[in-house]
Structure formats: structure tokens, C-alpha cells
Visitor: 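A single structure is presented below for examination.
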Amino acid sequence: MLDRNYYKGFEGEGQVKVWTYENGSEIGMVIWIGFFNTVLEGCFIPTFQKKGIVECYFNQNGFYDNKWEMKYPCIVLDELKRFDEKVLDTRDEEIIQKTKEIVEDLINFISIAVKDKLKVYIEYD
């Protein structure tokens with residue numbers, strides 16, 4: 001089942017799906033692209049690691065092109081753990097709080113998938 005909580009109210013706008021397959025079903029979340037871009041903005045550093053989601057964000061490829069398998073989830077987890085709200089362009093407290101919540105949920109989701117040896121995918125739509 002896909003949790004669409006982070007897309008409610010933004011239906012019809014861009015979305016990012018982060019998911020895995022468990023027992024033949026998609027398990028994960030759908031996130032409004034505005035929140036997801038804010039997550040990545042808060043994780044960005046000029047010396048980003050190759051093979052992570054920040055590289056995809058910077059180069060506008062990977063999950064922006066089609067379904068992208070997270071081959072190096074430990075890199076993605078490191079990127080998410082360095083999220084820094086102080087570098088965000090927005091000062092909207094509601095967006096910042098929701099983004100911090102999304103970061104925590106993504107870290108938990110990816111960590112569980114790694115522990116369970118499941119592949120994680122990201123796709124922009």
C-alpha cells in the first residue's frame with residue numbers, strides 16, 4: 001500500500017513515489033514534488049556523493065527520467081541524515097515541519113528496506 005499523506009491537497013501536481021515490493025504489492029509513499037525538492041535542497045552539498053539522490057537532483061536525471069532503483073541506499077541514508085533546514089530557501093514553518101517529518105519517514109522506510117534486503121525505487125511523475 002502506498003501512503004499518499006504527503007500528496008494530499010496537491011493532487012494533479014508533480015509527485016514522487018518511493019517504494020519497494022513486498023509480497024507482490026507496492027509498499028511506500030507518494031510525496032508532492034514541492035516537499036521532495038525541499039528535502040533534497042536541505043540535503044544538498046556541493047561535494048555530494050555519486051550514486052545518491054542528491055546527484056539525481058543536481059543533474060535532473062535518475063528518478064526524473066523513469067523508475068530508478070536505489071542501488072546504494074546507504075549513500076541515500078547518509079544524504080537524508082545530513083538534512084539541514086537552515087539552508088532552505090523557504091521560511092514557511094509548515095513546509096519546513098512537514099519536510100522534516102518526510103525526511104524521518106524516508107530514513108525509517110529505507111532503513112527497514114535495507115534490513116529486510118528489499119530493493120527501493122524512486123520515480124517522478
Side-chain angles (χ1 to χ4, degrees):
M1 175 177 203
L2 293 172
D3 180 353
R4 297 182 178 278
N5 186 43
Y6 299 124
Y7 190 59
K8 284 183 185 166
F10 299 100
E11 291 83 356
E13 295 185 31
Q15 64 181 357
V16 173
K17 181 170 74 168
V18 181
W19 81 101
T20 189
Y21 291 103
E22 196 170 317
N23 299 322
S25 297
E26 290 181 347
I27 307 294
M29 61 186 83
V30 177
I31 305 166
W32 173 53
I33 190 65
F35 288 141
F36 197 72
N37 283 339
T38 304
V39 166
L40 296 178
E41 178 187 340
C43 296
F44 181 81
I45 59 171
T47 56
F48 57 82
Q49 296 183 37
K50 300 288 184 190
K51 313 275 190 226
I53 57 172
V54 173
E55 179 185 28
C56 293
Y57 172 68
F58 182 76
N59 293 326
Q60 295 286 297
N61 64 12
F63 59 85
Y64 287 100
D65 296 331
N66 49 38
K67 180 170 103 173
W68 180 73
E69 181 182 341
M70 195 182 292
K71 298 242 186 223
Y72 301 94
C74 292
I75 290 173
V76 175
L77 285 169
D78 287 343
E79 291 173 327
L80 291 169
K81 288 175 182 175
R82 84 167 157 252
F83 176 83
D84 182 0
E85 69 183 84
K86 294 179 201 107
V87 301
L88 299 177
D89 287 337
T90 186
R91 293 294 164 239
D92 183 314
E93 280 301 315
E94 186 177 337
I95 289 177
I96 292 171
Q97 289 306 323
K98 187 66 77 170
T99 301
K100 288 166 58 175
E101 184 180 315
I102 292 167
V103 168
E104 286 181 36
D105 286 351
L106 284 169
I107 289 170
N108 290 333
F109 176 75
I110 296 167
S111 295
I112 290 168
V114 167
K115 182 177 104 3
D116 293 344
K117 296 180 171 59
L118 300 172
K119 294 178 180 181
V120 178
Y121 302 95
I122 301 178
E123 185 173 34
Y124 170 74
D125 183 24

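If you're wondering where the values come from, they're calculated on a predicted model, not measured in any experiment. These numbers come from the heavy atoms of this one structure, side chains and all, not from hydrogens, waters or symmetry mates.
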Visitor: Minimum heavy-atom separation for Thr90 and Asp92, please, with both atom names.
Guide: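 Minimum heavy-atom separation between Thr90 and Asp92: OG1-N, 3.1 Å.
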Visitor: Of all the heavy-atom pairs spanning Gly42 and Val87, show the shortest one and how long it is.
Guide: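 Closest approach of Gly42 to Val87: CA-CG2, 3.8 Å.
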Visitor: Which atoms form the tightest heavy-atom contact between Arg82 and Gln49, and what is the distance?
Guide: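 Heavy-atom minimum between the residues: NH1-NE2, 4.3 Å.
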Visitor: Any side-chain heavy atom of Pro73 within less than 4.5 Å of one from Val120?
Guide: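 The answer is no; the side chains never approach within 4.5 Å.
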Visitor: Just how far is it from atom CD1 of Ile96 to atom CD of Glu85, taken to the nearest 0.5 Å?
Guide: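 Taking CD1 in Ile96 and CD in Glu85, the distance rounds to 5.5 Å.
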Visitor: If you count the non-hydrogen atoms of other residues, nucleotides and ligands that lie under 6.0 Å from CG in Asp116, is the total more than 12?
Guide: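 Above 12, so yes.
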Visitor: Give me the other members of the hydrophobic cluster that Ile75 sits in, counting Ile, Leu, Val, Met, Phe, Trp and Tyr linked by side-chain heavy atoms under 4.5 Å, directly or via other members.
Guide: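 Tyr72, which link up through side-chain heavy atoms under 4.5 Å apart, make up the rest of the cluster.
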Visitor: Let me check something: do Leu118 and Phe109 share a hydrophobic cluster, defined by ILVMFWY side-chain heavy atoms less than 4.5 Å apart, either directly or through other members?
Guide: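 Cluster IDs for Leu118 and Phe109 differ.
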Visitor: In terms of hydrophobic clustering (I, L, V, M, F, W, Y; side-chain heavy atoms under 4.5 Å; direct or indirect links), are Ile112 and Val18 co-clustered?
Guide: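 Each belongs to a different hydrophobic cluster.
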Visitor: Which atom pairs, one a donor and one an acceptor, fall under 3.5 Å between side chains of residues 19-41 and the rest of the protein, sequence neighbours left out?
Guide:
unit_1: Thr20; atom_1: OG1; unit_2: Lys119; atom_2: O; d: 2.5
unit_1: Glu26; atom_1: OE1; unit_2: Lys17; atom_2: NZ; d: 3.3
unit_1: Glu26; atom_1: OE2; unit_2: Lys17; atom_2: NZ; d: 3.2
unit_1: Trp32; atom_1: NE1; unit_2: Glu13; atom_2: OE1; d: 2.8
unit_1: Asn37; atom_1: OD1; unit_2: Tyr64; atom_2: OH; d: 3.3
unit_1: Thr38; atom_1: OG1; unit_2: Gly34; atom_2: O; d: 2.8
unit_1: Glu41; atom_1: OE2; unit_2: Asp89; atom_2: N; d: 2.5

Visitor: Looking only at heavy atoms, which two atoms of Glu55 and Lys51 are closest? And how far apart?
Guide: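 Taking every non-hydrogen atom into account, OE1-N, 2.7 Å.
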Visitor: CG/Leu88 to CZ/Phe44 distance, rounded to the nearest 0.5 angstrom?
Guide: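 Result: 13.5 Å between the selected atoms.
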Visitor: Is the shortest heavy-atom distance from the side chain of Phe83 to the side chain of Lys100 under 4.5 Å?
Guide: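 Yes, their side chains come closer than 4.5 Å.
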Visitor: Drop me the distance from Ile110's CD1 to Glu79's CD, to the nearest 0.5 angstrom.
Guide: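 The CD1 atom of Ile110 sits 9.5 Å away from the CD atom of Glu79.
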Visitor: Can you establish whether the number of heavy atoms outside Lys71 located under 6.0 Å from its atom NZ is more than 12?
Guide: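 Not buried by this count: 12 neighbours or fewer within 6.0 Å.
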Visitor: Between Cys43 and Leu80, which heavy-atom pair has the shortest distance, and what is it?
Guide: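 Nearest pair, atom of Cys43 first, then Leu80: SG-CA, 3.8 Å.
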Visitor: Between Val16 and Tyr7, does the side chain to side chain contact (heavy atoms under 4.5 Å, CB included) criterion hold? Intermediate values first, please.
Guide: CA-CA 9 Å; Val16 173; Tyr7 190 59; over 6 Å; no
Visitor: Are Phe10 and Leu2 connected in a single hydrophobic cluster, I mean Ile/Leu/Val/Met/Phe/Trp/Tyr linked by side-chain heavy atoms less than 4.5 Å apart?
Guide: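 Same cluster: Leu2 reaches Phe10 through Ile, Leu, Val, Met, Phe, Trp or Tyr contacts under 4.5 Å.
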Visitor: Is there a donor-acceptor contact under 3.5 Å linking the side chains of Asn66 and Tyr124?
Guide: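 Their side chains do not contain a donor-acceptor pair, so the 3.5 Å distance test is not met.
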Visitor: Looking at Glu101 and Thr99, would you say the former's side chain and the latter's main chain have a donor-acceptor pair under 3.5 Å?
Guide: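 No.
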